[in-house]
Amino acid sequence: MSERPLVTMRAEGEAGGVKTTVRVGDHTPFIVDEPERLGGTNKGPNPLEYLLGAQSSCTTIMIAYAAQDLNWMVYTELDINVEVN
């Protein structure tokens, strides 16, 4: 029996630059790019910014699931700040 994959991902790169359009499943495509000073066009967040967003959302979702399992009412705000030189 063939099972449908959990996630299907597709990435398309833009020729001559680092801007990339990413398609995941049936969701709206999103752009990953670098700032102009790193050779990009700054048309979207860079990979590290997406990674930090994923970390933040994953942590928030896990807190919500744990609170739901324990029947707790939890209101949280999560801030992740990173500076890279």
Side-chain angles (χ1 to χ4, degrees):
M1 173 186 281
S2 176
E3 292 187 27
R4 187 177 144 167
L6 183 61
V7 176
T8 301
M9 295 185 71
R10 178 178 175 193
E12 296 176 354
E14 184 175 280
V18 296
K19 180 179 148 194
T20 305
T21 301
V22 179
R23 288 180 172 77
V24 181
D26 295 330
H27 301 286
T28 303
F30 59 93
I31 293 172
V32 182
D33 201 357
E34 291 287 354
E36 291 176 2
R37 65 184 167 75
L38 295 177
T41 59
N42 204 32
K43 299 291 183 190
N46 67 39
L48 180 57
E49 291 167 329
Y50 273 113
L51 178 63
L52 293 174
Q55 173 79 43
S56 173
S57 63
C58 185
T59 302
T60 301
I61 290 168
M62 294 312 297
I63 289 170
Y65 282 153
Q68 182 179 6
D69 286 347
L70 297 169
N71 293 319
W72 291 353
M73 296 220 21
V74 176
Y75 299 93
T76 66
E77 181 175 314
L78 180 65
D79 263 342
I80 297 176
N81 297 299
V82 175
E83 289 185 28
V84 178
N85 294 320

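When reading the values below, keep in mind they use all heavy atoms of this one structure, side chains included, and skip hydrogens, waters and symmetry mates.
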For [X], check side-chain contact (heavy atoms from CB on, under 4.5 Å) against everything at least two apart and list the hits.
X: Phe30; answer: Val22, Val24, Val32, Tyr50
X: Leu51; answer: Leu48
X: Leu6; answer: none

Can you give the donor-acceptor pairs under 3.5 Å from side chains of residues 61-71 to other protein atoms, not counting sequence neighbours?
none

Side-chain ([X]) to main-chain ([Y]) donor-acceptor, under 3.5 angstrom:
X: Thr60; Y: Ser56; answer: yes
X: Asp33; Y: Lys43; answer: yes
X: Ser57; Y: Gln55; answer: no

- request: Mind checking the OG1-CD spacing from Thr41 to Glu36? Nearest 0.5 Å is all I need.
  value: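 Here the rounded value is 7.5 Å.
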task: Considering only Ile, Leu, Val, Met, Phe, Trp and Tyr, and joining two whenever side-chain heavy atoms are under 4.5 Å apart, list the other residues clustered with Ile31.
output: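 Members alongside Ile31: none; it stands by itself.
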- request: Starting from Leu38, walk the hydrophobic network (Ile, Leu, Val, Met, Phe, Trp, Tyr; side-chain heavy atoms closer than 4.5 Å) and list everyone else you reach, by chain and number.
  value: none
task: Check the pair Leu52, Glu49 against side-chain contact (heavy atoms from CB on, under 4.5 Å), reporting the backbone distance first and the verdict last.
output: CA-CA 5 Å; Leu52 293 174; Glu49 291 167 329; 5.7 Å; no
